[in-house]
Structure formats: structure tokens, C-alpha cells
Amino acid sequence: MSIRLGIIGGGVMAEAILSRLIEQNIYPPDAVLVSEPQPQRREFLRKTYKVQVTSDNRETTTAQDVLLLAVKPQILDKVAENLAHLFPKRYPPLILSILAGVTLKRLEAIFSEQAIIRVMPNTPATVGAGITAIAAGKKVEPEHLASARSIFAAVGEVVEVPESLMDGVTGLSGSGPAFVAIMIEALADGGVAAGLPRPIAAQLALQTVLGTAQLLQQTKLHPAQLKDQVTSPGGTTIAGVTQLEKSGFRAAIIEAVMAAKQRSHELGR
Ligand SMILES: NC(=O)C1=CN([C@@H]2O[C@H](COP(=O)(O)OP(=O)(O)OC[C@H]3O[C@@H](n4cnc5c(N)ncnc54)[C@H](O)[C@@H]3O)[C@@H](O)[C@H]2O)C=CC1
Ligand SMILES: O=C(O)[C@@H]1CCC=N1
């Protein structure tokens, strides 16, 4: 079967997206070609998802619909070298780049003939609970946007933003899963400090974060309203909230997002 989706870089994020695309029959496995230099990783992807694999990035330029760039931003130039001229002149594939920080301007200088969409997904995509922001480049037509939307709708929600917001998106939802995971780990540690056995503390921490997110989503309550509902006068929660404020919890999170945004900006240079 001819290749419809090419992927360069078969790592964590590519697998998160790929797994859902295959599971939901958006692409049949034999219409997907993943280019990945690590033999073990290639073998794993081939066995697990039944996709085609290669160690030669050039082969992915035959993809008819979409080429997904999923390597680290630091090696973009090396990967793109000698690739651009291989694409067919008529109907080259849409390029989707998930590279943190890398601008459309830079991508359009490399792939000058092609429609390009800059994309920022996140790892909850693995379980279909991701959120992806997309920003369209100059040559993008409505059908290209529809194609990107259908791919990323398979892994969660999709929002379209101007490119100027992409570094901020990267700082929040791209990096955010790590910040939330640290919060869950810390909550469990707090439970252990309070004398709870580790497995119970871990279960309580995880479900508290999941349940709170679901509650906010379903009721549309503002987070401050939910906080007020939990906080009894002279009670336990306000004692904890006071300590969080003393420790600069809000500022720590705001600064984490801003630092990640700044790093995204730097990676794009
Ligand atoms: N991990 C995350 O949560 C997110 C990552 N991203 C972006 O996704 C991209 C990939 O990140 P991850 O999947 O986390 O990294 P990763 O390190 O898991 O995957 C990168 C893959 O590229 C392969 N690779 C290395 N050199 C190559 C080459 N010359 N040609 C082809 N493949 C090559 C590596 O062997 C590896 O399997 C990055 O640009 C990152 O900014 C975007 C959103 C979220
Ligand atoms: O840490 C990173 O650079 C990537 C981009 C967003 C999430 N992980």
C-alpha cells in the first residue's frame, strides 16, 4: 500500500499520536511510515502498531497526505538537510511540525514549496485526553487545516491559535503535564508525611486531581469558586491554603509556565 502518513522521529510524542491514529482507523498501519534511527525503537513500533519503518528519512517524502516532524528541535537542520528537494512538485504532503519553539518562518525557509502547520500537542494524547494547538502557515488551505484537525482530534481537543501564542501554549499545555505530575507526586508525598501508606497516598493524590479537573469541567465552576466550596471557616483547607500562599505556590506555577515559554522561544532560534 502507498504511504499516506510519514513520521520523522519515532519517539514519545510520535508514538502517542500514532497509537491513537491506528486505534481509531484514521490511517491503516501499512499506510504509515516511521523513520527512526534506533533499531530497537523501529522494531518496537513495527511490532506494536504494524506500521512500516525505515532508518532513512528521505523515504518519508513519498507520503501522500501528511509528513509529521517529531524530532527534537535541536536537530531540525540536520534532519531537514537534503530533504526538501525530494518532495514531489505536484501535491507534496502537508507538513505538521510538533517541534517546540520552531517557528513557521524557519520551517517555511526550509520547506519553501509546502503547506506547513505548527502544532503543539501534549502527552495525555496517548490516552485520547490531549489538547493540541495548531497555527497555520502561509500556504495552508482549509483542507490542510481540516486534515490537521482530524489527526489531532483523534488524540483529544484541538484549538487554533495565532502563531504568536505558540510559545505560551508550549509553556502551559505542552509542558504542563510534567508540572501536574509533580503536583500529584508531591500530594502523595504529603500523604506519606502525614502517615499514610504510599499506595493509598498515591491513589488519593491521583484521584483528587482527576476528580477536581472533571468537576471543574462538568460544572463550569471557576476554580476560585471550587476552592471556596472546599474551604470551611476555621477549617483544615484554609490552613493548607495559607501555607501554599506563604510558600509562593501560585507564583511558582506562573513562573514555571513563563520559564517554559521562554525556553520554547530560545529553542526556535
Ligand atoms: N514529549 C512531549 O511532551 C512533547 C514533545 N513535543 C515535541 O516533540 C518532539 C519530539 O519529542 P519527544 O517525542 O519527547 O522526543 P523523543 O526523544 O522521545 O523522540 C525523538 C525521536 O527522534 C529520533 N531521532 C533522533 N535523530 C533522528 C534523525 N536524525 N532522524 C529521525 N529521527 C531521529 C530519536 O531516536 C527519538 O526516537 C520535540 O520536538 C518536542 O519539542 C511537543 C509536545 C509535547
Ligand atoms: O520539554 C520539551 O521541550 C517538550 C516540548 C513540550 C513538552 N515537552
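When a ligand or atom number is given, it counts from 1 through the structure's own listing order. In this chain, numbering begins with 1 at the start of the sequence shown. Nothing here was measured: the structure is a model prediction, and the numbers come from that model.
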- Query: In terms of atom number and element, which parts of ligand 1 are under 4.0 angstrom from non-hydrogen atoms of Ile8?
  - Reply: 31 (C)
- Message: Suppose I only count heavy atoms of Met120 and a 4.0 Å limit; which atoms of ligand 1 are within that range?
- Response: 42 (C), 43 (C)
- Task: Write out the residue and atom name of the closest protein heavy atom to atom 10 (C) of ligand 1, then the distance separating them to 0.1 Å.
- Result: Ala70 O, 3.3 Å
- Query: So how far is it from Met120 CE to Ile134 CD1, rounded to the nearest 0.5 Å?
  - Reply: 13.0 Å
- Message: Give me the nearest non-hydrogen protein atom to atom 13 (O) of ligand 1 as residue plus atom name, then the distance to 0.1 Å.
- Response: Met13 N, 2.9 Å
- Task: Using the rule that two of Ile, Leu, Val, Met, Phe, Trp, Tyr join whenever any of their side-chain heavy atoms come within less than 4.5 Å, decide whether Phe87 and Val32 are in one cluster.
- Result: no
- Rounded to the nearest 0.5 Å, what separation is found between the CG atom of Leu226 and the CG atom of Leu216? 5.0 Å
- Using distance alone, decide if ligand 1 has a nitrogen or oxygen within less than 3.5 Å of any nitrogen or oxygen in Asn122. no
- Note on the structure: shortest atom 35 (O) of ligand 1-to-protein heavy-atom contact is with Glu36 OE2, 2.6 Å
- Task: Please check if the side chain of Glu59 supplies one atom and the backbone of Asp56 the other of a donor-acceptor pair under 3.5 Å.
- Result: no
- Counting only heavy atoms, which portion of Pro121 has something under 4.0 Å from ligand 1: side chain, backbone, both, or neither? both
- Query: When clusters are formed by joining ILVMFWY residues with side-chain heavy atoms under 4.5 Å apart, either directly or through shared neighbours, do Leu21 and Tyr49 land in the same one?
  - Reply: yes
- Can you tell me if CD on Gln40 sees more than 12 non-hydrogen neighbours from other groups inside 6.0 Å? no
- Message: Which heavy atom of Ala135 sits nearest to which heavy atom of Pro162, and what is that distance?
- Response: CB-C, 4.3 Å
- Task: Look at Arg118 together with Asp167 and state whether they make a salt bridge at an N to O cut-off of under 4.0 Å.
- Result: yes
- Task: Might you confirm whether atom CD of Glu157 has over 12 heavy atoms from other residues, nucleotides or ligands at distances under 6.0 Å?
- Result: no
- Query: Who's the nearest protein heavy-atom neighbour of atom 41 (O) of ligand 1, and how far?
  - Reply: Ala100 N, 3.0 Å
- Message: Distance check, rounded to the nearest 0.5 Å: Ile26 atom CD1 versus Leu18 atom CG?
- Response: 11.5 Å
- Query: Considering only the protein, which heavy-atom contact is closest to atom 18 (O) of ligand 1, and what is its distance?
  - Reply: Val12 N, 2.9 Å
- Checking heavy atoms under 4.0 Å, the part of Ile75 that sits near ligand 1 is side chain
- Query: Taking all non-hydrogen atoms of both residues, which atom of Thr60 and which atom of Ser35 are closest, and how far apart?
  - Reply: CG2-CB, 3.7 Å
- Query: Is any NZ, NE, NH1 or NH2 atom of the basic residue among Glu15 and Arg41 found under 4.0 Å from an Asp or Glu carboxylate oxygen of the other?
  - Reply: yes
- Distance to 0.1 Å, residue and atom name: give those for the protein heavy atom nearest to atom 17 (O) of ligand 1. Lys72 CE, 3.4 Å
- Would you say Gln203 has more than 12 foreign heavy atoms packed within less than 6.0 Å of its CD? no
- Item | For Gly10, atoms of ligand 1 separated by under 4.0 Å from a heavy atom | 37 (O)
- Salt-bridge present (Lys78, Glu81; N to O < 4.0 Å): no
- Message: Heavy atoms only, cut-off 4.0 Å: how does Asn57 contact ligand 1, side chain, backbone, both, or neither?
- Response: side chain
- Query: Under a 4.0 Å heavy-atom cut-off, which residues neighbour ligand 2?
  - Reply: Ala100, Gly174
- Message: List ligand 1 atoms under 4.0 Å from Val79, heavy atoms only on the residue side.
- Response: 28 (C), 29 (N), 30 (N)
- Item | From Leu68, Leu76, Ile98 - option closest to atom 42 (C) of ligand 1 by heavy atom | Ile98
- Query: Which residue owns the protein heavy atom closest to atom 38 (C) of ligand 1, what's the atom, and how far is it?
  - Reply: Val71 O, 3.3 Å
- Note on the structure: Residue, atom and distance of the protein heavy atom nearest atom 1 (N) of ligand 1 read Thr123 CG2, 4.2 Å
